[in-house]
Structure formats: structure tokens, C-alpha cells
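Side chains are part of it too, since the values below use all heavy atoms of this structure and drop only hydrogens, waters and symmetry mates.
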Amino acid sequence: MNKFFIALIAAIILLPSLYASISPTLYTAQVEWHSYQDARAMDSTKPIFVFAKMRFCTSCAAMEKDVFTDPALAKVLNEQFIPVRETINFMLSSFVFDDLKDKEGQHLTFRGFPAVMIVRGDQYSLSHGYKSVEQLQALLNKEIN
């Protein structure tokens, strides 16, 4: 009888903290990020969505915190795209995306951060600056439809 009460009290104490630690992963969709190289190696017809950021960019961090945590957006990115997140070092950015050309055949050039990009084959469309959930959803919907 004593062991039953000890087990019951332990369960009452431990279950809320256990639930709190696992519930976000059970009930919140999260973007399943890949590296650009891994995304290119996948055998998929899905376009690649790239979120390019710099290490000390506050707008980039705000997008990660406020935009990519949206469950509906995460669902669209995971189901309709191959999501990629890359931290850009200007010295190495040309090596990461050296296979990309714009419509005029020019190699990729970042002009600001954060940047989002949709890649199909060796072509890409690039947009710079912070995007809200609504702005990013509209951009993704244009690509899907």
C-alpha cells in the first residue's frame, strides 16, 4: 500500500513536467530543415525552399522565431517543398550555391539578409528582407499554383 502511494505521488509530480517537455513536439508542426547539398541530392520533384541567413542578423533570428514556428507554414514547407536553411558566410556563399543561375544566366548574388529563395533545377527566384507569415505564405502559394 505504501509503494502505491509513493508511485502515485511520483506520477503526480513527474507527469506535468514530462507532458510539458514532449507536448510541443507532439502537437506543433516544425520545419524539417535540410542542408542545400542534401536537398540537391534528393530525388524529388518538389522545389527547394531556401532560407538564407547570417549569424548575427537580428531580422533573420526574428524570422526563425516568429515565422518558421507557425504550424500552418511549417506544414506547407514540409509537404510542398524541400526546406533548406543555410547560414551564409560571404567568403563561402558562392561555393554553397555555385550551381544556381538567374533568368539571365548570372550566378547567385545575395544583396541582403534574411533572404528566401525558391530553387527549381538550376534556376531560382530570390527575395530579400524580413517576411511575415502572411507574406511568406503568399510567396509560397504563388510557387505552388
Side-chain angles (χ1 to χ4, degrees), residues 6-145:
I6 291 173
L8 181 63
I9 290 179
I12 290 171
I13 292 170
L14 295 177
L15 280 179
S17 62
L18 178 63
Y19 175 78
S21 68
I22 64 170
S23 64
T25 57
L26 290 176
Y27 302 111
T28 304
Q30 296 179 354
V31 178
E32 298 167 13
W33 296 109
H34 304 274
S35 72
Y36 182 69
Q37 288 77 13
D38 289 346
R40 287 303 245 182
M42 291 179 187
D43 185 24
S44 177
T45 58
K46 293 180 183 179
I48 299 172
F49 170 85
V50 177
F51 173 60
K53 63 179 191 151
M54 290 192 71
R55 189 173 312 267
F56 299 108
C57 168
T58 57
S59 297
C60 302
M63 272 189 79
E64 286 186 298
K65 179 180 172 275
D66 301 332
V67 177
F68 294 115
T69 55
D70 181 79
L73 182 66
K75 184 175 193 267
V76 169
L77 284 171
N78 291 333
E79 292 178 0
Q80 301 292 324
F81 296 86
I82 301 171
V84 167
R85 177 175 50 197
E86 289 286 348
T87 302
I88 301 302
N89 174 339
F90 274 112
M91 304 281 290
L92 302 175
S93 64
S94 62
F95 297 115
V96 174
F97 301 106
D98 63 350
D99 61 332
L100 296 180
K101 296 179 179 69
D102 64 14
K103 293 175 182 160
E104 288 81 37
Q106 300 297 314
H107 285 283
L108 170 66
T109 303
F110 289 106
R111 302 199 191 285
F113 293 94
V116 295
M117 178 168 52
I118 308 294
V119 179
R120 292 180 187 272
D122 67 347
Q123 301 293 307
Y124 65 91
S125 59
L126 178 64
S127 179
H128 295 95
Y130 181 93
K131 305 280 183 278
S132 67
V133 172
E134 295 78 17
Q135 290 170 320
L136 194 52
Q137 189 70 51
L139 186 131
L140 296 175
N141 287 340
K142 272 183 16 182
E143 288 294 325
I144 295 169
N145 300 325

Exercise. Scan for disulfide bond (SG atoms under 2.5 Å apart) pairs involving residues 104-145, sequence neighbours excluded, and state none if there are none.
Key: none

Practice problem: Determine whether I118 and F81 make a side-chain contact, defined as any pair of heavy atoms from C-beta on separated by less than 4.5 Å. | Solution: yes

Quiz item: So which pairs with a foot in residues 29-46 pass salt bridge (Lys or Arg N to Asp or Glu O under 4.0 Å), sequence neighbours left out?
Solution: R40-D99

Quiz item: Could you walk me through whether F49 and L136 pass the side chain to side chain contact (heavy atoms under 4.5 Å, CB included) check?
Solution: CA-CA 11 Å; F49 170 85; L136 194 52; 3.9 Å; yes

Quiz prompt | Any P47 side-chain heavy atom under 4.5 Å of V119 side chain | solution = no

Quiz prompt | Residue pairs passing the disulfide bond (SG atoms under 2.5 Å apart) test where at least one lies in residues 96-132, sequence neighbours excluded | solution = none

Self-check item: Nearest atoms (heavy-atom pairs only) where L100 meets G121
Solution: CD2-O, 4.2 Å

Quiz item: Can you name the side-chain hydrogen bond (donor to acceptor under 3.5 Å, both in side chains) partners of D66, sequence neighbours left out?
Solution: none

Quiz item: How far does CD1 of I48 sit from CE of M117, to the nearest 0.5 angstrom?
Solution: 9.0 Å

Quiz item: Where do M54 and T87 land on the side chain to side chain contact (heavy atoms under 4.5 Å, CB included) test, with the steps shown first?
Solution: CA-CA 5 Å; M54 290 192 71; T87 302; 5.8 Å; no

Self-check item: Contact summary for Y36 and E86, nearest pair of heavy atoms
Solution: N-OE2, 2.7 Å

Practice problem: Using the salt bridge (Lys or Arg N to Asp or Glu O under 4.0 Å) rule, collect all pairs that involve residues 130-145, keeping only residues at least two apart or in two chains. | Solution: R120-E143

Quiz item: Restricting to pairs with a member in residues 47-60, which pass side-chain hydrogen bond (donor to acceptor under 3.5 Å, both in side chains), not counting sequence neighbours?
Solution: K53-E64

Quiz item: Does anything in residues 74-84 pair up under salt bridge (Lys or Arg N to Asp or Glu O under 4.0 Å), and if so which pairs, sequence neighbours excluded?
Solution: K75-E79

Self-check item: Any V67 side-chain heavy atom under 4.5 Å of F51 side chain
Solution: no

Quiz prompt | Heavy-atom check, side chain of L139 versus side chain of S127, under 4.5 Å | solution = yes

Self-check item: Side chain to side chain, M63 and V116, heavy atoms closer than 4.5 Å
Solution: yes

Practice problem: Among residues two or more places apart or on two chains, list those pairs meeting ring pair (Phe, Tyr, Trp, His ring centres under 6.0 Å) that have a residue in residues 111-145. | Solution: F90-F113, F110-F113

Self-check item: L126 CG to F97 CZ distance, which is reported to the nearest 0.5 Å
Solution: 9.5 Å

Quiz item: Can you check whether L77's main-chain N or O pairs, donor with acceptor, with Q80's side chain at less than 3.5 Å?
Solution: no

Exercise. Report yes if the side chains of S35 and V84 come closer than 4.5 Å at any heavy-atom pair, otherwise no.
Key: no

Quiz item: Who pairs with Q123 by side-chain hydrogen bond (donor to acceptor under 3.5 Å, both in side chains), at least two apart in sequence or on another chain?
Solution: none

